[in-house]
Protein chains: 2
Amino acid sequence: MIDQYETERCDQEFVHTEALQQVRNHMPREEELLDMAELFKVFGDSTRIKILYALFESELCVCDIAALLGMSQSAISHQLRVIKQAKLVKNRRDGKTIFYSLADVHVKTIIGMAKEHLEE
Amino acid sequence: MIDQYETERCDQEFVHTEALQQVRNHMPREEELLDMAELFKVFGDSTRIKILYALFESELCVCDIAALLGMSQSAISHQLRVIKQAKLVKNRRDGKTIFYSLADVHVKTIIGMAKEHLEE
DNA sequence: TAAACATATGAACAGATATTCATATGAAAG
DNA sequence: CTTTCATATGAATATCTGTTCATATGTTTA
């Protein structure tokens, strides 16, 4: 693949060639990087963060979450869909009600790390 | 504060009142939740993920990164600004060149957790 | 079966965001 | 001090995203 910016590269490129080669060797493949960004996008919205935080404590139904956050049922349902597609939550049906709960052990850790970063 | 959706809440609310109270007690304050979402937004773009990954291996100047990712100097500079505002990288000047490097120990851990989640 | 209820979904719109383009800044070299 | 080089920045734009509104789906109860 031809690099559009190959030519406009700074003159001192040869100075950091070695470092760049090291970086290239350790860079994950494109698809994996896109998947990571997609995953972080899910965490990158305060409504979704609130939903995940809520589910730390207990499984909840859609209307519970809507009431908790003071938002519409529809808005919450749309967001739960996003979170579920990222495999961060799972759900179960109980009659008319659908309960959501965390699906992954990493959610708490990821959010915990972010919290630590912010507390510095 | 009056909850616009208080009334449209599902009838069975009283069933999960206890769970909701538990959740409310553990929910961080609004500002903290917004800050967490802001932080994750920074990770939620593949260009920025690539930049952070690159800096795992070595400090790099702006044009190194632009060449590595095949993007314009301006685009990279704009993104470095975002990452720096989130205090994830720091920089130092050496003559005309400015070198960027990771500023935080949590970056690797956060990205590592995401990677683990995706590998399941 | 009809009505009520909990949730899901599609379309639309307003607001956010990433890149480009042009240009500014700041340092070094001539 | 003028030019060159590395980087930063502001404005413009095309794309993406979160919520709303209206309505559909699927379950229970009368």
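Small disclaimer: the values here were computed from a predicted structure and weren't measured. Residue numbers begin at 1 in each chain, while the letters A, B, ... track the order of the sequences.
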Whole-Å distance separating the CD1 atom of B:Ile98 from the C1' atom of D:dT9:
13 Å

Would you please confirm or rule out a distance under 4.0 Å between OP1 or OP2 of C:dT9 and any side-chain N or O of A:Arg81?
yes

Rounding to an integer number of Å, can you tell me how far B:Asp64 CG sits from D:dC5 C1'?
14 Å

Whole angstrom is fine here: how far is it from CG in A:Leu34 over to C1' in C:dA18?
14 Å

To the nearest angstrom, how far is B:Asn91 atom CG from D:dT9 atom P?
10 Å

Does C:dA6 have its OP1 or OP2 closer than 4.0 Å to a side-chain nitrogen or oxygen of A:Tyr100?
no

Residue pair B:His117 / A:Leu88, side-chain heavy-atom distance below 4.5 Å
yes

B:Lys41 side chain: which of C:dT17, D:dT19, D:dG18 is closest?
C:dT17

For D:dT20 and A:Ser72 - does any side-chain N or O of the residue sit under 4.0 Å from the phosphate oxygens OP1/OP2?
yes

Rounded to whole angstroms, how far apart are CD on A:Glu38 and C1' on D:dT17?
12 Å

Scanning both residues in full, the closest heavy-atom pair of B:Leu55 with B:Leu60 reads CD2-N, 3.9 Å

B:Met71 and B:Thr47: side-chain contact (heavy atoms from CB on, under 4.5 Å), yes or no, with the steps?
CA-CA 9 Å; B:Met71 295 178 64; B:Thr47 299; 3.8 Å; yes

Starting from C1' on D:dT17, measure out to CD on A:Gln79 and report it in whole angstrom.
9 Å

With side-chain contact (heavy atoms from CB on, under 4.5 Å) as the criterion, how do A:Leu52 and A:Phe43 come out once you've worked through the C-alpha distance, each side chain's angles and the decisive distance to 0.1 Å?
CA-CA 9 Å; A:Leu52 290 171; A:Phe43 290 93; 3.8 Å; yes

For residues A:Ala103 and A:Lys87, report the shortest heavy-atom separation together with the two atoms involved.
CB-O, 3.8 Å

Picking from C:dT20, D:dA8, C:dA18, which would you name as closest to the side chain of B:His78?
C:dT20

Treat primed atoms plus P, OP1 and OP2 as sugar-phosphate and everything else as base, then score nucleotides 22-30 of chain D 5' to 3': B for base contact with protein heavy atoms under 4.0 Å, S for sugar-phosphate contact only, - for none.
B----BS--

If you only use heavy atoms from C-beta on, which nucleotide in D:dT19, C:dA8, C:dT19 is closest to the side chain of A:Val62?
C:dA8

Just how far, in rounded Å, is P of C:dT20 from CE of B:Met71?
6 Å

If you only use heavy atoms from C-beta on, which nucleotide in C:dT20, C:dT9, D:dT19 is closest to the side chain of B:Ala75?
C:dT20

So, is the end of the A:Lys108 side chain (NZ or CZ) under 6.0 Å from the ring centre of A:Phe56 and within 45° of the ring's axis?
yes

Cationic N near anionic O, under 4.0 Å, A:Glu30 to B:Lys50:
yes

Can you tell me how far C1' of D:dC16 sits from CG of A:Asp45, to the nearest Å?
13 Å

